[in-house]
Amino acid sequence: MQVEKQYFSQELLAWYRRGNRDLPWRQNKDPYRIWVSEIMLQQTRVDTVIPYFERFMANFPTVQALAEAPEEEVLKCWEGLGYYSRARNLQAGAKMVMERYMGIIPDDKDAVSSLKGVGPYTTGAIMSIAFNRPEPAVDGNVMRVLSRYFCLEDDIAKPSTRVGIEKLAGGLIPEGAAGDFNQALMELGALVCTPKSPSCLPCPVMEHCAARMAGRETELPIKTKAKPPRHEYRLAVIVEGVAEHAGKVLVRQRPDTGLLAQMWELPHLLLEGDKSGLFAESAPKEQGELAEAAIRMLETDAGLLIRPTGWFADADHIFSHIHWRMRVYAADMGIVASELAAESAALYLTRGQTDEAAAGVAGLEDERQERYRWIAREEMDKLPFPNLFLKLLNEYWIRKS
DNA sequence: AAGGCGGGGCG
DNA sequence: CGCCCAGCCTT
């Protein structure tokens, strides 16, 4: 086993040093750049990260710049990248580095590990890549590569397996080459020892790969399947403004915690029970009920009386744990011209057009921490939206023009 | 140990 | 379509 380990470490390191990808965060060893890149790379592919990394570093080139930036700007820079708590944690970490270490990321494992959003993998990555400390950095790539090379049959979905592989990986780090070796391990996983069909022939360590020798390289690693996401049926509305809000659309900000925290979105509501029938085909009666539900939501939450004008789109969006099926209605503020009672029209005039309603929900209980705002197309550039709503809004404005 | 937490790309 | 991706946090 010692022979196989030494062979693995030497050959893999040599392979990496013969040539590796020219990635933006490999330009230098600035710990801040390494830190930002590693947070972005959590559960996210290299090709996806590259443009985000460039833009982020241009906007927030130093720990201090990030620490002092408005949170909404940081989120906006993260828009579309997903797992938005990473952005908030990163900024919280930057503030901590400013306060405790005068803006200098310390060459100290425990200090790095204590930063928000920095777990075992990222700690090892920062310590090894930025400071060349011999700490393992075990991610999905490393678990896959080592599971195959050593023919390990432990379920890599179990936390205990990662701990074991960390011990193994730590023992493989060549003297004085922690940063290069850890990156080599991940580079091999990304380019050669890929999940589906590994390219064993060009692999620098194929000769002693246990899984390969057993013909089991496609069976490993073993990983229990994730549970399928649960379905949620949601009804959203695109409300067009009138008068001073003409040409604008109503949006709202999500609560400070939980799914898509603090991101902006179209107003929508969760439909209780199984509404799959309603989404399947047109059912006039139920469609009317849905429209009423939308009206009630915005009257209660935003003090606005809207008039749904028709179907806009159906959209599916799959998160890791929830599958949203969304029906989107268009709506306007055409109450006055509608057949609704005069007192409703009066309510619309007194509440629907006040500044309070435009700015938010002042005067109403704000238990959901939801804030409403009318925005023009250009104003989308300032507010962070998750991709699913970004697509719907862009589609709306394309059709409008 | 299990579940919450995005979004995209690939076979 | 399913599966995976340079994971972490809370419970």
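Chain naming here is simple, since letters A, B, ... match the order of the sequence lines and numbering starts at 1 in each.
Within the 4.0 Å cut-off from OP1 or OP2 of B:dG8, at least one side-chain nitrogen or oxygen of A:Lys391 is found. Within the 4.0 Å cut-off from OP1 or OP2 of B:dG7, at least one side-chain nitrogen or oxygen of A:His317 is found. When the side-chain nitrogen and oxygen atoms of A:Lys227 are compared with OP1 and OP2 of B:dG3, one or more of them lie within a distance under 4.0 Å.
A:Arg234 has a carboxylate O that lies under 4.0 Å from a charged side-chain N of A:Glu232, or vice versa, which qualifies the two as a salt bridge. Here A:Glu217 pairs with A:Arg212 in a salt bridge; the nearest charged N to carboxylate O distance falls below 4.0 Å. Under a 4.0 Å N-O distance rule, the pair A:Glu166/A:Arg162 qualifies as a salt bridge. Between A:Lys76 and A:Glu72 there is no salt bridge, since no side-chain nitrogen of the basic residue lies less than 4.0 Å from a carboxylate oxygen of the acidic one. Remark: A:Glu68 does not engage A:Lys95 in a salt bridge, criterion side-chain N to carboxylate O under 4.0 Å. A:Asp155 has no carboxylate O lying under 4.0 Å from a charged side-chain N of A:Lys223, or vice versa, which leaves the two without a salt bridge. Salt-bridge check for A:Lys400 with A:Glu395: failed, with every basic side-chain N at 4.0 Å or more from each acidic carboxylate O.
Each of A:Pro159 and A:Gly80 was assigned the nucleotide of DNA chain B with the nearest heavy atom; the assignment lying further toward the 5' end belongs to A:Pro159. Where A:Ser197 and A:Ser160 each meet DNA chain B at their nearest nucleotide, the meeting point lying more 5' is that of A:Ser160.
We find that CG of A:Leu220 is positioned 16 Å from C1' of C:dC4, with the value rounded to whole Å. One can place NE2 of A:His321 at 11 Å from P of B:dG7, the figure rounded to the nearest angstrom. Straight-line distance from the CD atom of A:Glu232 to the P atom of B:dG4: 10 Å, rounded to whole Å. When the C1' atom of C:dC5 is taken as reference, atom CZ of A:Phe319 falls 18 Å away, rounded to whole Å. Rounded to an integer number of Å, the gap from CD1 of A:Ile318 to P of B:dG7 is 12 Å. The distance between atom NZ of A:Lys196 and atom P of C:dG2, rounded to the nearest whole Å, is 11 Å. At whole-Å resolution of the value, CG in A:Asp256 and P in B:dG4 are 21 Å apart. As a whole-Å value, the separation of A:Met40 CE from B:dG7 C1' is 14 Å.
Secondary structure note: stems in DNA chain B built from 3 or more consecutive Watson-Crick or G-U wobble pairs under 3.5 Å occupy B:1-5 with C:7-11, B:7-11 with C:1-5.
The gap from the C1' atom of B:dC5 to that of C:dC5 amounts to 15 Å, rounded to the nearest Å. Look at the C1' atom in both B:dG7 and C:dT10: the space between them is 22 Å, to the nearest Å. When the C1' atom is used for both C:dC8 and B:dG9, the distance is 23 Å, rounded to whole Å. As rounded to the nearest Å, B:dG8 and C:dC9 have P atoms that lie 24 Å from one another. If you take atom P in C:dA6 and the same atom in B:dG4, they sit 24 Å apart, rounded to whole Å.
In this structure, CG in A:Asn20 is found 7.5 Å from CD in A:Gln183, a value given to the nearest 0.5 Å.
Checked against a 6.0 Å centroid threshold, the rings of A:Trp264 and A:Phe389 do not count as neighbours.
A:Ser85 comes within 4.0 angstrom of nothing in the nucleic acid, heavy atoms only. Within the nucleic acid shown, A:Lys158 has no heavy atom closer than 4.0 Å to any nucleic acid atom.
For A:Arg399 and A:Phe312, the positive end sits near the middle of the six-membered ring, less than 6.0 Å away and at most 45° from its axis.
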* Going 5' to 3' along nucleotides 6-11 of chain C, which nucleotides have protein heavy atoms under 4.0 Å from the base (write B), which only from the sugar-phosphate (write S), and which from neither (write -)? -> BBSS--
